[in-house]
Each structure stands twice: as C-alpha cells, then as structure tokens.
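Working notes, beginning with the structure itself.
Numbering starts at 1 and runs along the sequence shown. Atoms considered below: every heavy atom in the structure, side chains included; atoms not considered: hydrogens, waters and symmetry mates. Computed from a prediction, not measured in an experiment: that's the story for all the values here.
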Amino acid sequence: VEAIHVTAAITDYDVLVGCDILSKFPDLLAGFDPGGELVVVTDDGVDNRYPALPFLSRDAHRVVLKSGEHLKSLDRAVELIQKLAGWKVSREGMIIALGGGVIGDLAGFVASIYLRGIRWTVIPTTLLSQVDSSIGGKVAVNLPHGKNLVGAFFPPRLVVCDVAFLAELPESEFVSGLGEVIKTALIGDQRLFEMLESKLDAILARDADALQTVVAACVKVKADVVSKDERDRGERAVLNLGHTIAHALEAAQGFEDIPHGVAVLLGILAVLPLSGTSCGLSDETADRIRRLIGRLPIEPPSSLPPIDLIEPFLAYDKKVRDRNVRWVLLKNIGVPVSGVTVPVEQVRSAYKSLSEVR
Ligand SMILES: NC(=O)c1ccc[n+]([C@@H]2O[C@H](COP(=O)([O-])OP(=O)(O)OC[C@H]3O[C@@H](n4cnc5c(N)ncnc54)[C@H](O)[C@@H]3O)[C@@H](O)[C@H]2O)c1
Ligand SMILES: [Zn+2]
C-alpha cells in the first residue's frame, strides 16, 4: 500500500493506493474512527456488485441511493441529513462515502454541514474518483443553474483507493476516467505520460499492477497541486486543462450526453494548436499527445455543436476574470501554463480542427 500525503487547512490526510486492500480497512480506519455512529453512503451500482463489503468491524448504517448525477442536489442532501439526524448521529459519527465522484461529492457535502461538520472518509470506486474527485476536499451539489454551485472545501480524514474496484467498471466509465489520467500526466508528470505510452494495452486490459502504478502517480500529481492551493486561488487552475472546452461542450449538449472524459480529451486536442502558438509547444510533442489519445477506444461524438453554440458557454467558465477566457495551455508534457488569453479567431480555428480530426 502506497500512502500519499495531502495538506489542508482543517486537517491533513493520506490517500492510500493498493489492490485488494479493503480487508485491511478496519485497521486502516482504526486511527480515525471517533467511535460514534458510522454511516456508509453508496449507490445501487456499487451496492449491486459489492453488496456485503466485509470492511467494517462494527455496525454501521447503510444508505443506498439510486445512482446518477441527480443525487448531487440540495433535495437529496437534505434527505440524507434528515436520516443522520433521525439516527442521532453525533459529532463523533463518521460518514464513509463508497462510490464514484457523485457519492463523494454528495456525502462530503453533507459531512461538511451536518452539525457544522463531521468526519468523513472516502472509498472511491471509479477511475475518475480515484485519480481526481476524491482528492482535494472539494464537495458540492448542483443547482438547476449549473453544476457544483453549492459546496465547500472540506477534506476527508482518509481516502482508500483500491484498484480492485476498477475490474468491473463499465468500459465507458473506465475510458472516461482515462481522460482525466491523460490530463493529469500532461499537467504534472512526463514519466507517467511515457508509462501510458508504453503500458496502455495493460491498462486497457485492467492489469492490477499497471492500474496501481497509474492511480498512485495521478494521486501524487493531484495531491501536490491541491496541497499548494487548497482553495483554488491559483495553481489549482492547471487541473482544468481541457476543461474550458469540455464544460462548454457539456453545457451546449445538455449536461450528460457526452461522457466527461471524452469531452476533456476533445478539450485537450483543441488546446494543442493554441499551445503551439502561445506557449511554444512543439509540433512533435503535440503529435505524440494526439497519438496517445488516438489509441483510446473512444467513440467520438458523431457531430459537434457549431462554434456559435459553444462560445457563449466558454464565457461562463470559472476561470473567467474580466471578460477574457483564461486558458490552460501546455509548454511541454508536464509543463502547463495557466491564465493565458487567446484571440477569438484562434479559438475558433482550433475548435474547427476538432471536426477535421475525425
Ligand atoms: N470534487 C471534485 O473535485 C470533483 C472532481 C471531478 C469530478 N467531480 C464530480 O464527479 C462526478 C462524476 O464521478 P464519476 O465519474 O465517478 O461518476 P459516478 O459517481 O456517477 O459513477 C458512475 C457510475 O459507475 C457506477 N460505479 C461506481 N463504482 C463502480 C464499480 N467499482 N464497478 C461498477 N460500477 C461502478 C456507479 O453506480 C455509477 O452508476 C461528477 O458529478 C463530477 O462533478 C468532482
Ligand atoms: Zn474533469
């Protein structure tokens, strides 16, 4: 088991990465268990596959919710809070989020406000949640006005990434997670990128050793970024590589049509020409990145929304200060540059190049 440390204002914590480590969970948890009620929050997709995870040494309440992004709402959060209150969960209680990013974001959000905050730990079960959403303490629910508009920075006490969970993850979820893996390599780890090039086949075959190496490398990059900038005031912006266009694509298509990881990969492809012009990314390196992305078994959307539909959503991006979109671009693999403004015509032509690729 590899332990990666994250620093945060409320509490530091470790992210443990391993394979088949859940049998050790009671021991791992022992140092963090305040002794009150335990509440496991999960969804039916996880519960159906892992109905009796033998990982707790004492009784726990178990909440199984119907899976989907719809769980990230204030209504579902209130229902969960009322369950906790009904069970008289005290300040010594603890929430255990068992699932993907949706469960983590909802359960963490509830942990952050119930009794002004109770402890929580995460067992992320999707690739995306193991490499991305469970690290950094961002918890949130959505509003009809947009995603993640109500939330907090509220670090968990412990994160346990067991790659054994990834064996049965649906292919589309797995490949979507790989989108964030490639993003993570591009912003922080040249060696991880090289490993993806050489071991992609083993990774796609869900080889446990390869997955453990990849997840640990990604956790290190993300842990490093969020430890330096917990509150998203600067450095953390690099995590948004590929996301300016991805968020606009998702908004223009109506939230869930295009898998997030695929949208991120399209967003990364779109910023390669911008990176060449504004940051000196070499053509050879851009081609290398295109080749790796091209090897993923993704189905590109049959058509993309026209640029005129996309542009208004670019302006809603979080990185917008004044009236310019601030792009995250690449100088090289592992060397991101954030806060770059780019002439509109260049953005238009980069976006158009996406349709020509396919
Ligand atoms: N907090 C953050 O910093 C952060 C960062 C990135 C994304 N997010 C959020 O994460 C969410 C997406 O998370 P996600 O991609 O993990 O989706 P998800 O949580 O909806 O999980 C996807 C599906 O996979 C199923 N599943 C989970 N684990 C499984 C397993 N081991 N085997 C088989 N099926 C399994 C679930 O039941 C669900 O149906 C979004 O809401 C996004 O906003 C948060
Ligand atoms: Zn993302």
Can you tell me how far [atom2] of [Y] sits from [atom1] of [X], rounded to the nearest 0.5 angstrom?
{"X": "S338", "Y": "L329", "atom1": "OG", "atom2": "CG", "answer": "9.5 Å"}
{"X": "I289", "Y": "S275", "atom1": "CD1", "atom2": "OG", "answer": "7.5 Å"}
{"X": "L128", "Y": "L169", "atom1": "CG", "atom2": "CG", "answer": "10.0 Å"}
{"X": "I123", "Y": "T42", "atom1": "CD1", "atom2": "OG1", "answer": "9.0 Å"}
{"X": "Y13", "Y": "I4", "atom1": "OH", "atom2": "CD1", "answer": "11.5 Å"}
{"X": "I103", "Y": "S67", "atom1": "CD1", "atom2": "OG", "answer": "8.5 Å"}

Under a 3.5 Å distance rule, please check whether [X] uses its side chain to pair with a backbone N or O of [Y] as donor and acceptor.
{"X": "D229", "Y": "E235", "answer": "yes"}
{"X": "N142", "Y": "N148", "answer": "yes"}
{"X": "S176", "Y": "G261", "answer": "yes"}
{"X": "D44", "Y": "D47", "answer": "no"}
{"X": "N240", "Y": "H243", "answer": "no"}
{"X": "H145", "Y": "L143", "answer": "no"}

Between [X] and [Y], which heavy-atom pair has the shortest distance, and what is it?
{"X": "P336", "Y": "G334", "answer": "CD-O, 3.4 Å"}
{"X": "L192", "Y": "V181", "answer": "CD2-O, 4.4 Å"}
{"X": "L158", "Y": "L28", "answer": "CD2-O, 4.0 Å"}
{"X": "V15", "Y": "C161", "answer": "CG1-SG, 3.9 Å"}
{"X": "V226", "Y": "G136", "answer": "CG2-CA, 3.8 Å"}
{"X": "G137", "Y": "P156", "answer": "CA-CD, 4.4 Å"}

Write out all pairs satisfying salt bridge (charged side-chain N to carboxylate O under 4.0 Å, His left out) with one or both partners inside [range], taking only residues at least two apart or from two chains.
{"range": "residues 154-174", "result": "R49-E168, E171-R206"}
{"range": "residues 260-284", "result": "none"}
{"range": "residues 77-91", "result": "R76-E79"}
{"range": "residues 15-34", "result": "D33-R58"}

Excluding sequence neighbours, so at least two apart, what forms side-chain contact (heavy atoms from CB on, under 4.5 Å) with R288?
Q190, F193, E194, E197, R291, I333
Of all residues at least two apart in sequence or in a different chain, which pass the side-chain contact (heavy atoms from CB on, under 4.5 Å) check with L200?
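For L200 the side-chain contact (heavy atoms from CB on, under 4.5 Å) partners, ignoring immediate neighbours, are L204, L292, R295, L296.
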Within 6.0 Å of CG in N48, more than 12 heavy atoms from elsewhere
yes
Side chains of [X] and [Y], heavy atoms from C-beta outward: is any pair under 4.5 Å?
{"X": "L56", "Y": "P26", "value": "no"}
{"X": "V89", "Y": "I118", "value": "yes"}
{"X": "L265", "Y": "I298", "value": "yes"}
{"X": "L166", "Y": "Q130", "value": "yes"}
{"X": "L239", "Y": "I187", "value": "yes"}
{"X": "V347", "Y": "L314", "value": "yes"}
{"X": "L38", "Y": "H61", "value": "no"}
{"X": "W327", "Y": "I245", "value": "yes"}

Please list, chain by chain and in numerical order, all residues satisfying salt bridge (charged side-chain N to carboxylate O under 4.0 Å, His left out) with R191, sequence neighbours excluded.
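Result, salt bridge (charged side-chain N to carboxylate O under 4.0 Å, His left out) vs R191: none returned.
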My understanding is that only residues two or more places apart in sequence, or in another chain, count here; which of them pass salt bridge (charged side-chain N to carboxylate O under 4.0 Å, His left out) with D189?
none
Would a hydrophobic clustering, with Ile, Leu, Val, Met, Phe, Trp and Tyr connected at side-chain separations under 4.5 Å, put [X] with [Y]?
{"X": "V40", "Y": "V64", "value": "no"}
{"X": "V78", "Y": "F154", "value": "no"}
{"X": "V335", "Y": "L274", "value": "no"}
{"X": "L281", "Y": "Y351", "value": "yes"}
{"X": "V271", "Y": "V344", "value": "no"}

Do E250 and H260 meet the criterion of a side-chain donor-acceptor pair at a distance under 3.5 Å?
yes
Could I get the full list of ring pair (Phe, Tyr, Trp, His ring centres under 6.0 Å) partners for F153, not counting sequence neighbours?
none
Under the rule for ring pair (Phe, Tyr, Trp, His ring centres under 6.0 Å), what residues qualify as partners of F165, not counting sequence neighbours?
Y50
Run the salt-bridge test on [X] and [Y] with the 4.0 Å N-O cut-off and return the result as yes or no.
{"X": "E180", "Y": "K183", "value": "yes"}
{"X": "D232", "Y": "K138", "value": "yes"}
{"X": "R236", "Y": "E230", "value": "no"}

Step-by-step side-chain contact (heavy atoms from CB on, under 4.5 Å) determination, F174 to L211
CA-CA 11 Å; F174 185 75; L211 287 177; 3.8 Å; yes
Residues 214-225, side-chain donor-acceptor partners within the protein, below 3.5 Å, at least two apart:
residue, atom, partner, partner atom, Å
K220, NZ, E2, OE2, 2.7
K222, NZ, D132, O, 2.9
K222, NZ, D132, OD1, 2.7
K222, NZ, I135, O, 3.2
D224, OD2, K228, NZ, 3.3

Pair listing, side chain to side chain donor-acceptor pair (under 3.5 Å) test, anchored in residues 98-122, at least two apart:
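Residue pairs with at least one partner in residues 98-122: K72-D105.
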